[in-house]
Peer 1: 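Mind having a look at this structure? Questions to follow.
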Amino acid sequence: MAQSPITLRSADFAAWYQDVVLQGDLAEPAEIVKGCMVIKPNGYAIWERLQRELDDRFKATGHKNMYFPLLIPESFLKKEAEHVEGFSPELAVVTIAGGKELEEPYVIRPTSETIIGHFFAKWIQSWRDLPMLVNQWANVIRWELRTRMFLRTTEFLWQEGHTAHSTHEEAQEEVLRMLDIYAEVAEDVMAMPVIKGKKTHSEKFAGALHSYSIEAMMQNGLALQAGTSHDLGQNFGKAFDVKFQSKEGQLDYVWQTSWGVSTRLIGGLVMSHSDDKGLVIPPKLAPVKSVLVPIYRKDDEKGAVLEAAHRMAKDVGAEVDDREGHNPGAKFFHWERRGVPVVLELGPRDLAAGTIVLKRRDTGAKEPIPQSELKTRVDATLDTMQKDLYAAAKQRLKANTVVANSMEEIESILRDVTAEKGGGKFVMAHLKDDAACEVRLKAFKATVRNIPQVDEYDGPGKCIVTGETVDRRVVVAKSY
RNA sequence: CGGGCUGUGGCGCAGCCUGGCUAGCGCGCUUGCUUGGGGUGCAAGAGGUCCCGGGUUCAAAUCCCGGCAGCCCGACCA
């Protein structure tokens with residue numbers, strides 16, 4: 001009894017993650033459908049908040065939401081050579097419908113570049129039709145061989161932005177604009193610091209000219225690709241014949257972009273802030289920001305406490321946990337596991353003293369405060385907690401980022417790192433954007449996460465494999 | 001998709017090797033009392049296709065074959 005249902009991070013980080021997701025009531029494996037999960041109210045509410053934060057920013061930058069079919073004619077996937085090569089191993093295909101074998105199978109979308117390309121071709125004729133700025137909130141299916149809740153599930157929820165532009169420059173601006181929005185939501189809303197950068201050629205999206213990502217560091221030091229933004233060039237424009245006539249009267253293919261974030265963000269959120277007691281949710285995303293636990297012994301106390309509890313809770317927008325049959329301790333544990341940022345305790349002692357006890361989820365600090373200051377103190381605490389969580393995550397990122405100047409050095413740092421044992425680092429090294437160089441990392445299961453947009457290190461240097469001069473250090477890490 | 005581990009009331013497990021009575025235990029759940037500032041205590045109760053299918057046997061949770069699902073490791077990826 002009273003033993004924590006959550007594995008310690010230090011004992012097994014992967015088991016800890018699973019425990020936190022389960023105990024925090026975010027989701028559970030669907031079991032009857034391989035690799036899929038049921039997202040529960042506490043998890044879905046976080047997703048809804050993320051959606052709101054993202055969607056507002058998409059709209060503010062001129063994008064409109066649309067919805068495209070879940071099923072895509074199989075032939076569409078094959079129109080872009082790299083794209084089909086990248087995605088075909090993980091497609092789910094519908095071959096029978098209405099009891100009959102289909103003439104042409106449909107694939108369940110793994111992403112929608114192809115079907116959207118088809119419609120772009122229909123809708124775009126003139127430079128006046130551009131830019132076309134579309135976003136879709138949807139589910140997709142990728143038949144992944146290994147799944148983990150939120151981080152990689154067979155079906156997942158995401159948004160995919162798809163845009164078409166008349167010039168490459170404009171498309172490139174779009175790609176970076178959306179990358180910035182992702183970084184802003186990650187840092188300001190999720191309190192999760194990220195590194196913005198460009199993917200290497202071998203890590204880019206199948207069919208893109210260039211891909212960009214935001215990479216976050218989890219508490220075990222592993223990297224998580226938290227969002228991607230792709231410069232598709234004219235690849236899909238050519239594959240789907242999306243042409244427009246320019247002001248000068250010339251016919252040209254459009255320049256496209258696509259960008260997405262998924263429910264994976266919730267996994268990142270968990271692994272950024274949560275602790276051995278369970279979930280920790282930054283206030284800006286918390287479905288329940290504060291809970292008030294009333295405490296009483298006798299019936300006469302109960303009446304007075306509950307009356308005051310409901311009145312004060314209303315003032316601060318807190319939920320009152322007035323469930324009978326659970327003592328306060330049990331309630332504290334309940335809300336702690338669910339990551340509620342602030343828990344308030346109100347009992348007879350407080351009523352007598354005119355105080356109420358305020359407890360922060362992240363630090364565990366507990367403090368009696370005057371009831372008259374409740375609203376301002378709760379708001380201030382939520383605000384501080386949001387900032388502190390970011391600062392702590394940022395500090396961890398810094399502390400676990402190291403510089404290396406040889407392949408041997410990188411290997412010695414990363415070789416024994418696993419998701420369970422942790423100890424991961426971001427290793428900054430000069431390395432050429434070349435598959436032949438990255439193969440050396442693959443030997444110990446590390447990858448180039450990205451080439452940072454902003455160089456915070458020592459600028460150009462010699463590639464540790466080829467000796468050629470490269471522009472800046474890249475992020476090498478093990479990742480999810 | 002290859003390797004390993006696992007699947008038994010809601011949850012966590014024991015039993016399986018060496019087949020045999022009514023399938024146990026802890027937690028949770030229900031009811032009542034009690035307790036209440038970090039998982040109260042007592043009592044009575046409810047709850048089971050032993051993952052699924054087939055086989056061996058007088059008899060299968062237990063042995064054999066096949067499948068499904070979960071977790072971990074690898075290869076593949078948001």
Side-chain angles (χ1 to χ4, degrees), chain A residues 1-5 7 12-15 17-19 22-23 28-37 85-91 110-111 139-160 182 199 203-206 211 213-216 223-230 258-268 277 293-299 301-302 305 322-337 343-353 355-357 359 364 366 368 418-421 442 445 447 479-480:
Chain A
M1 168 71 86
Q3 200 186 356
S4 174
T7 307
D12 182 340
F13 191 87
Y17 172 75
Q18 177 135 2
D19 290 343
L22 256 19
Q23 294 294 324
E28 65 181 52
E31 290 184 334
I32 47 165
V33 188
K34 186 178 167 65
C36 293
M37 63 177 169
E85 195 187 328
F87 281 103
S88 53
E90 49 188 63
L91 293 178
T111 179
N139 56 340
V140 292
I141 283 189
R142 297 183 187 177
W143 215 260
E144 303 287 357
L145 298 174
R146 181 171 181 188
T147 57
R148 308 183 198 221
M149 281 191 286
F150 291 111
L151 300 173
R152 183 171 298 104
T153 45
T154 300
E155 178 183 11
F156 57 94
L157 305 182
W158 77 343
Q159 60 68 218
E160 45 180 329
Y182 288 157
K199 285 285 179 183
E203 294 278 333
K204 73 178 174 58
F205 176 75
S211 287
S213 72
I214 52 171
E215 301 283 334
L224 184 75
Q225 179 172 302
T228 48
S229 187
H230 312 292
S258 71
W259 27 275
V261 295
S262 71
T263 36
R264 167 181 270 194
L265 286 177
I266 296 171
K277 294 172 182 161
V293 176
I295 296 157
Y296 43 80
R297 278 194 181 78
K298 308 173 206 94
D299 277 350
E301 288 174 346
K302 181 177 167 180
V305 168
D322 53 5
R323 290 174 296 165
E324 288 293 340
H326 292 275
N327 62 14
K331 293 179 181 178
F332 297 146
F333 281 107
H334 176 79
W335 297 110
E336 185 167 75
R337 281 200 301 261
V343 170
L344 302 165
E345 310 177 19
L346 185 72
R349 293 209 297 260
D350 299 297
L351 284 191
T355 58
I356 181 165
V357 174
K359 184 173 177 192
K366 205 164 160 175
T418 66
E420 300 71 50
K421 288 185 288 179
K442 217 170 172 176
K445 289 159 219 149
T447 48
S479 71
Y480 275 101

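Below, chain A is the first sequence line, B the second, and so on; all start at residue 1. Below, all heavy atoms of this structure are taken into account, side chains as well, without hydrogens, waters or symmetry copies.
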Peer 1: For U6(B) versus C52(B), give the span between their C1' atoms, rounded off to a whole number of Å.
Peer 2: 16 Å
Peer 1: Roughly how many Å apart are G39(B) and G7(B), using the P atom of each and rounding to a whole number?
Peer 2: 33 Å
Peer 1: Using a heavy-atom cut-off of under 4.0 Å over every strand shown, decide if G347(A) touches base, sugar-phosphate, or nothing.
Peer 2: base
Peer 1: Considering every strand and a 4.0 Å limit on heavy-atom distances, what is the contact class for V357(A): base, sugar-phosphate, or nothing?
Peer 2: base
Peer 1: Just call it for H326(A): base, sugar-phosphate, or nothing, with non-hydrogen atoms closer than 4.0 Å on any strand.
Peer 2: base
Peer 1: Over all strands shown, is Q225(A) touching base, sugar-phosphate only, or nothing at heavy-atom distances under 4.0 angstrom?
Peer 2: sugar-phosphate
Peer 1: K34(A) side chain N/O closer than 4.0 Å to the phosphate oxygens (OP1, OP2) of C68(B)?
Peer 2: no
Peer 1: With both distances under 3.5 angstrom, what nucleotide forms a Watson-Crick or G-U wobble pair with C58(B)?
Peer 2: G20(B)
Peer 1: Partner lookup for G32(B), please. Criteria are Watson-Crick or G-U wobble with both distances under 3.5 angstrom; report none if nothing qualifies.
Peer 2: C42(B)
Peer 1: Can you tell me how far C1' in C50(B) sits from the matching atom in A23(B), rounded to whole Å?
Peer 2: 8 Å
Peer 1: Would you mind classifying the nucleic acid contact of L151(A) as base, sugar-phosphate or nothing, using non-hydrogen atoms under 4.0 angstrom?
Peer 2: base
Peer 1: Need one value for T228(A): base, sugar-phosphate or nothing, where a base atom within 4.0 Å counts as base even if backbone is also close, heavy atoms only.
Peer 2: nothing
Peer 1: Between U34(B) and A43(B), how far is it from one C1' atom to the other, in whole Å?
Peer 2: 11 Å
Peer 1: Quick one: pull up OG1 in T153(A) and CZ in R142(A) and give me the separation to the nearest 0.5 Å.
Peer 2: 10.5 Å
Peer 1: Which value, in whole Å, describes the distance between the C1' atoms of nucleotides U22(B) and A61(B)?
Peer 2: 15 Å
Peer 1: Determine the interatomic distance between C1' on G19(B) and the same-named atom on A60(B); round to the nearest Å.
Peer 2: 6 Å
Peer 1: For the pair made of NZ in K421(A) and C1' in C72(B), what is the distance, rounded to whole Å?
Peer 2: 13 Å
Peer 1: Categorize K331(A) for me: base, sugar-phosphate, or nothing, with a 4.0 angstrom heavy-atom threshold over every strand shown.
Peer 2: nothing
Peer 1: Have a look at T153(A) and say if it touches a base, only the backbone sugar-phosphate, or nothing, with a 4.0 Å heavy-atom cut-off.
Peer 2: base
Peer 1: Identify the nucleotide, in any strand shown, that forms a Watson-Crick or G-U wobble pair with C27(B), with both distances under 3.5 Å; if there is none, say none.
Peer 2: G10(B)
Peer 1: For G47(B) versus G55(B), give the span between their C1' atoms, rounded off to a whole number of Å.
Peer 2: 32 Å
Peer 1: With F205(A), which of S213(A), S211(A), S229(A) fulfils side chain to side chain contact (heavy atoms under 4.5 Å, CB included)?
Peer 2: S211(A)
Peer 1: If G74(B) has a Watson-Crick or G-U wobble mate with both distances under 3.5 Å, name it; if not, just say none.
Peer 2: C1(B)
Peer 1: Please state the C1' separation for the pair C29(B) and C11(B) - nearest whole angstrom.
Peer 2: 11 Å
